[in-house]
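Here's the structure we're looking at; comments come further down.
The figures here come from the full heavy-atom set of this structure, side chains too, leaving out hydrogens, waters and symmetry mates. In this chain, residues are counted from 1 in sequence order. Predicted, not measured: the structure shown is a model, and the values here were computed from it.
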Amino acid sequence: MKLRTTELARAKEAAEADEHFMQRLIDAIPGQVAYVNSELRFEFANKAYRDWFGRSADEMKGIHLRDILGEEIFQKSLQFVQAALRGETLSFLRTSPRPDGKTIYLWANYVPDIQGNQVRGIFGLFSDITDLKNAQLQLEQLNEQLKVRTIQAEAANIAKSAFLANMSHEIRTPMNGIIGMANILRREGVSPKQAQRLDTIDTSANHLLSVINDILDLSKIEAGMLALEALPLSLPGVLRNLTSILYEPVNAKGLRLQVKTAPFPNNLVGDATRLQQAMLNYATNAVKFTDSGDVTLHIELLEDAPDSALLRFAVEDTGIGVAPEALARLFSAFEQADNSTTRKYGGTGLGLAITRHLAELMGGEAGAESTPGVGSTFWFTARLKKGEEVAITPTTGIGDAETLIRKRYKGSRILVVDDEPINREIARLQLEAIGLVVETAEDGAEAVTLAQETAFAAILMDMQMPNINGLEATLEIRKLPGYSKTPIIAMTANAFTEDKIQCIEAGMTDFLSKPFKPDVLFATLLCSLDQLDA
C-alpha cells in the first residue's frame with residue numbers, strides 16, 4: 001500500500017510539473033492564447049490573455065467564456081465559437097475594444113481541438129495587428145498622395161521601402177523566437193500532449209507569418225519596389241520543392257499529386273523563389289478546395305525565341321470549382337469566392353492577387369478556368385530570358401544536412417552575431433545540438449573583436465545591430481588574416497531582395513531570412529562549409 005501511495009504521489013508530481021511547463025511555455029508566447037472546452041469553460045489562458053481581462057490563473061480556471069467577455073462581446077463572438085465547435089478552423093480580422101476603451105485590430109484564430117470525431121474544445125489565438133493595420137492604411141494614403149504629388153514620388157518610395165523593411169524586421173524577429181523555441185522544445189523531448197500543443201503553436205505561427213508575408217509582398221508590389229532576381233533557373237528544382245512542400249497536406253486529404261511537363265530550355269534565367277511562390281499560391285488553394293481526386297502541376301513551353309522563352313505554369317484540380325460570376329474578381333486583393341466570415345476554408349484573399357502581379361512582373365499574365373463541382377485550372381505565364389548553358393549542381397537534401405554536418409564538421413567553431421538575446425540563444429542551442437561549438441556576440445563591434453582572437457569556421461551575422469551593423473562588421477572581418485573566404489551567412493529578419501543584394505555586396509556568402517527552420521539553417525551552413533573545402 002505504501003508503494004502504491006508513493007507511485008501515486010510521483011505521478012501527481014509529474015502531472016503538476018507537466019502542467020507547470022506548459023503554462024510557462026504558453027505564457028511566453030506573444031499575443032493572447034486560451035483554450036475553452038466544449039462547454040465554453042476555460043481550461044487555460046496565457047499571461048497576455050489573463051492580463052487583458054485582469055484575471056489571475058486561478059480565476060480563469062473553469063470560468064465561462066460569457067463571464068470573461070461580457071454579454072455584448074460574447075454575443076458578437078458566438079457565431080465564430082459555434083462554427084469552431086462544428087469543426088471549422090477560422091482565421092479573420094476583427095476589431096475589439098480594449099479594457100481602456102480603445103478599439104484595436106485583432107487577427108483571430110479559432111482552432112477546434114478534434115479528438116476522433118468529437119470536438120473537445122477550442123484553441124483561441126489572438127494577435128494585436130493594430131500597428132500593421134494602421135500602417136496599411138497609411139500606405140494606402142501614401143499611394144493616393146503619390147497620384148497627385150509626383151514631385152515627391154521618389155522620397156515617398158524610399159520612406160515606404162524603409163518602413164516595410166522595418167515592419168518586416170519587427171514582426172519576423174519575435175516570430176523567429178516562437179518557431180525556433182517550439183522546435184527546440186520538441187527536440188529536447190516532450191509528451192504526446194505537449195507535442196500536440198506545440199504543433200498547434202507552430203501551425204498558428206506559420207499561418208500568421210504567411211499572412212504577414214502576403215501583406216508585405218502586396219504593399220511592396222503596389223509600391224513598385226519588388227525586385228526580381230535573374231539567376232540560372234532549375235525548373236525541375238522548383239518542382240521538387242513544390243512536391244516536397246505539398247506532400248503532407250496532399251497525403252492528409254488522400255489526394256493524388258501529379259506533375260506534367262513538356263521539354264523546355266535548360267538555360268533559363270529568372271527568380272526561382274517567386275516562381276515557386278506563385279505556383280504554391282495556386283497549389284495550396286487547389287489542395288484546400290479539393291476533397292477527393294487529383295492536384296496536377298503543369299509546365300508548358302508556349303514560345304521558344306532565341307533570347308527568351310514564354311512558359312505557362314498551371315495547377316489543375318478536381319475540387320469544388322468556382323462560379324463564373326466569382327472568377328472575374330478572384331485576382332483582386334482581399335477578394336474570395338466566398339466572403340462570409342464563417343467560411344469553411346479561411347484565407348486572406350491575397351495569394352491570387354500576388355500571383356497576378358508576379359506574372360505581370362515576369363512579362364506574363366494570369367487567369368483561371370473552372371466548372372463548379374468538376375474542378376479548376378489556375379494558370380500564369382512568364383517570359384524568361386535565356387543565359388549561357390550552365391550545369392546546375394543538385395543541392396544536398398535538407399534532411400541530410402544535419403547528419404553530414406555531424407560527420408564532416410563536428411567540433412567546428414561557429415560565431416553567432418545578433419543583438420536579440422532570444423535569437424542568439426535559439427541559434428546557439430540549434431547548432432550545439434548537432435555537435436558544433438558556438439560563441440555569440442551582441443553586435444558587430446564584438447564580432448570583429450572575437451574574430452581577431454579566434455578562428456571561426458563560419459559566422460552567422462544579423463544585419464540590424466547597434467554600434468556596428470552586420471554589413472559594416474562583415475567588411476571589417478574580411479580584412480582580417482584568414483577571413484577572406486570564411487563563410488559569413490546573413491541571418492536577418494530583413495527579407496527583401498535588396499537586403500540580400502546588400503549582404504552579398506558586403507562580402508557575405510549566403511542569406512537566411514528569419515524566421516527559418518533548423519533544417520534550412522543546417523543546409524545553408526553545410527553548403528557554405530562544403531564550398532570552402534572544395
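The two residues A458 and L529 come nearest to each other via the heavy atoms CB-CD2, 4.1 Å. Nearest heavy atom pair, residue L415 against residue A447, reads CD2-O, 4.0 Å. L246 approaches A283 most closely through the heavy-atom pair CD1-CB, 3.6 Å.
Looking at Q277 and R274, their side chains do bring a donor and an acceptor atom within 3.5 Å of each other. Residues S91 and N109 have side chains that bring a donor and an acceptor to within less than 3.5 angstrom of each other.
The stretch residues 451-461 participates, sequence neighbours left out, in no side chain to side chain donor-acceptor pair (under 3.5 Å) pair at all. For residues 464-476, the set of pairs meeting the salt bridge (Lys or Arg N to Asp or Glu O under 4.0 Å) definition, not counting sequence neighbours, comprises E476-K479.
When the side-chain contact (heavy atoms from CB on, under 4.5 Å) test is applied to E432, the partners found at least two apart in sequence or on another chain are R428, V438. Partners of N241 by side-chain hydrogen bond (donor to acceptor under 3.5 Å, both in side chains), not counting sequence neighbours, listed by chain and number: Q276. The ring-ring contact (aromatic ring centres under 6.0 Å, His included) check on F123 picks up Y35, with sequence neighbours excluded. Listed by chain and number, the residues in a side-chain hydrogen bond (donor to acceptor under 3.5 Å, both in side chains) with E442 amount to none (sequence neighbours excluded). Taking S244 as the reference, nothing meets the side-chain contact (heavy atoms from CB on, under 4.5 Å) condition, with sequence neighbours excluded. Under the rule for a ring-ring contact (aromatic ring centres under 6.0 Å, His included), F456 has no partner lying at least two apart in sequence or in another chain. Qualifying side-chain hydrogen bond (donor to acceptor under 3.5 Å, both in side chains) partners for D128, counting only residues two or more places apart in sequence or in other chains: T130. Judged as a side-chain contact (heavy atoms from CB on, under 4.5 Å), and not counting sequence neighbours, the contacts of A84 are Y110, I122. Residues satisfying the side-chain contact (heavy atoms from CB on, under 4.5 Å) test with Q115, not counting sequence neighbours, are D113, R120. Partners of N37 under the side-chain hydrogen bond (donor to acceptor under 3.5 Å, both in side chains) rule, at least two apart in sequence or in another chain, do not exist in this structure.
A salt bridge links R408 with D530: the closest approach of a Lys/Arg side-chain nitrogen to an acidic carboxylate oxygen falls below 4.0 angstrom.
Taken from CG in D510 to OG1 in T524, the straight-line distance is 5.5 Å, to the nearest 0.5 Å. Note: L106 CG to W52 CH2 = 6.0 Å, rounded to the nearest 0.5 Å. Interatomic distance, OG1 of T509 versus CD1 of I488, reported as 7.0 Å (0.5 Å rounding).
A donor-acceptor pair under 3.5 Å is absent between the side-chain atoms of K61 and the main chain of F44, judged by distance alone. In this structure a side-chain-to-backbone donor-acceptor pair under 3.5 Å is missing from S77 to F74.
Counting heavy atoms of neighbouring residues, nucleotides and ligands inside a 6.0 Å radius, atom CD1 of I245 exceeds 12 of them.
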